[in-house]
Amino acid sequence: MEAVEPELIVIGGGLAGSEAAWQAAQRGVRVALYEMRPRRFTPAHTTPWLAEIICSNSLGSDELENASGLLKAELRRLGSLLMACADRTAVPAGKALAVDRELFARCVTEHIERHPLITVIREEVMEIPDRPCIIASGPLTSDALAAAIQRLTGQEYLYFYDAISPIVAADSIDMSICFRGSRYGRGQDPDGDYINCPMTKEEYEAFVDALIHAETIELRDFEKEDPRFFEACLPIEVLARRGRDALAYGPLRPTGLIDPRTGRPPYAVVQLRRDNRAGTMYSMVGFQTNLKWPEQRRVFRMIPGLQNAEFLRYGQMHRNTYINAPALLEPTMQFRGRPDLFFAGQITGAEGYVGNIATGLVAGVNAARLLRGKPPLVFPVTTMIGALCDYLARADPRDFQPMKANFGLLPPLERPVRDKRARALAYARRALSDLERFWAESGEAEHTVLPPSEAAS
């Protein structure tokens with residue numbers, strides 16, 4: 001039987017590309033999803049699964065008064081496949097949504113490969129196709145494709161460096177020193193969402209001294225030319241060099257935690273978050289790092305309770321790449337000057353896993369509408385998904401930085417609300433109400449039906 005030509009090419013099988021392919025296929029579009037793994041791996045990926053997540057297993061807060069929580073609520077309403085898979089593979093994490101990373105990636109891969117209108121092609125794409133296409137190649141876009149994108153845009157790339165945190169084996173943590181619990185006692189469960197390593201002032205200061213003077217991995221020559229660090233993901237050693245108290249007021253702040261051994265808050269605390277459903281792996285919260293691996297073992301074992309830690313993954317830093325989206329993209333995720341070309345995911349400057357999924361959904365929906373002769377959708381700026389896409393398209397291109405979902409992106413409320421939590425809930429109520437009306441009027445609601453949950457179990 002002769003193969004049927006795809007109508008849409010999606011480049012990249014990460015979070016954004018997988019979501020984009022699913023949304024287009026749900027609307028009757030024949031999709032070819034290209035993913036170069038396992039033929040060629042990036043410096044950070046280790047599996048052949050689609051939607052492999054790397055830096056952390058947390059997708060952020062699930063509460064509506066949090067911007068990430070609102071964005072997840074919107075994506076669920078819009079029929080996001082990846083949010084459905086995340087919910088089905090969730091592990092305890094207080095009021096955050098965290099996933100078992102392997103189960104999550106397998107769930108997404110299973111659904112994508114089973115879809116009758118999606119063909120997964122395990123090849124590297126080196127040129128931009130001259131047909132309807134979504135580029136969701138991620139922050140670790142291959143050199144060949146990056147060069148092709150640069151030729152198309154005619155602009156220089158912007159680079160930043162993203163660091164990932166270590167993971168330790170749960171059974172190597174000394175629980176006679178550490179204690180379980182979330183801040184202010186929220187979200188506790190018998191198995192423990194978080195493990196806390198308390199520090200005295202003396203232990204903290206010794207740790208900071210060691211961290212500041214530890215050896216880091218040497219950057220390559222081309223990386224040294226423009227070593228920009230994305231502020232939201234600073235390596236722990238870079239943050240420590242900004243001041244001796246920077247960690248105590250940052251990722252090691254003890255607020256809301258009581259050490260049961262003393263009945264008092266510790267001077268500082270290192271939090272470990274469950275990284276898989278079985279609870280055998282814990283990631284070090286806020287410990288993205290570029291220390292050499294022997295140095296990580298030496299310095300991080302100074303943390304009380306981790307003196308015998310077994311590191312299942314060491315931290316590392318890699319170059320991430322994103323385009324100057326405000327100069328290139330519309331809020332529909334279309335490339336200016338070529339309506340049949342879309343970008344999605346972290347390469348657009350959308351930061352955070354959920355933001356990547358959101359831009360993939362927008363690109364997939366709009367690519368399908370384009371192919372069916374319908375106008376693309378511009379989501380209301382009162383919704384988090386609309387506000388994020390609006391920022392990517394309309395920020396100042398002279399000083400563009402990657403952006404996570406946050407309430408500062410939303411237009412002010414008609415009636416000001418002074419209380420921060422009440423204001424956030426008011427934003428959320430407005431967003432969900434406007435999204436419901438917009439989605440119903442768009443005619444897209446019929447495509448939000450997801451497959452039975454048994455298919456992902």
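Remark: R27 engages E444 in a salt bridge, criterion side-chain N to carboxylate O under 4.0 Å. With salt bridges taken as basic N to acidic carboxylate O contacts below 4.0 Å, none links E5 and R30. Using a 4.0 Å cut-off between a side-chain N of Lys or Arg and a carboxylate O of Asp or Glu, D275 and R273 do not qualify as a salt bridge. Residues R76 and D62 are paired through a salt bridge, judged by an N-O separation under 4.0 Å between the basic side chain and the carboxylate. Ion pairing between R101 and E52 fails under the 4.0 Å rule for side-chain N and carboxylate O. A salt bridge is defined here as a Lys NZ or Arg NE, NH1 or NH2 lying under 4.0 Å from an Asp or Glu carboxylate O, and R106 with E102 meets this definition.
If you check the side chains of T289 and Q296, you find no donor sitting under 3.5 Å from an acceptor. With hydrogens and angles left out, the side-chain atoms of Q23 and H447 include no donor and acceptor closer than 3.5 Å. For the residue pair T89 / D100, no side-chain donor-acceptor distance below 3.5 Å is found, with atom types taken as modelled. A donor atom on one side chain and an acceptor atom on the other are found under 3.5 Å apart for S142 and E124. When only modelled atom types and interatomic distance are considered, T332 and Q334 share a side-chain donor-acceptor pair under 3.5 Å.
Classified by interplanar angle (parallel below 30°, tilted 30° to 60°, perpendicular above 60°), the ring pair F379/F438 is tilted. Ring planes of F400 and Y322: perpendicular class, angle over 60° (limits at 30 and 60°). Ring planes of F300 and F287: perpendicular class, angle over 60° (limits at 30 and 60°).
The shortest side-chain heavy-atom distance between L239 and P251 falls under the 4.5 Å cut-off.
With sequence neighbours left out, N356 forms a side-chain contact (heavy atoms from CB on, under 4.5 Å) with L15, Q346, A350.
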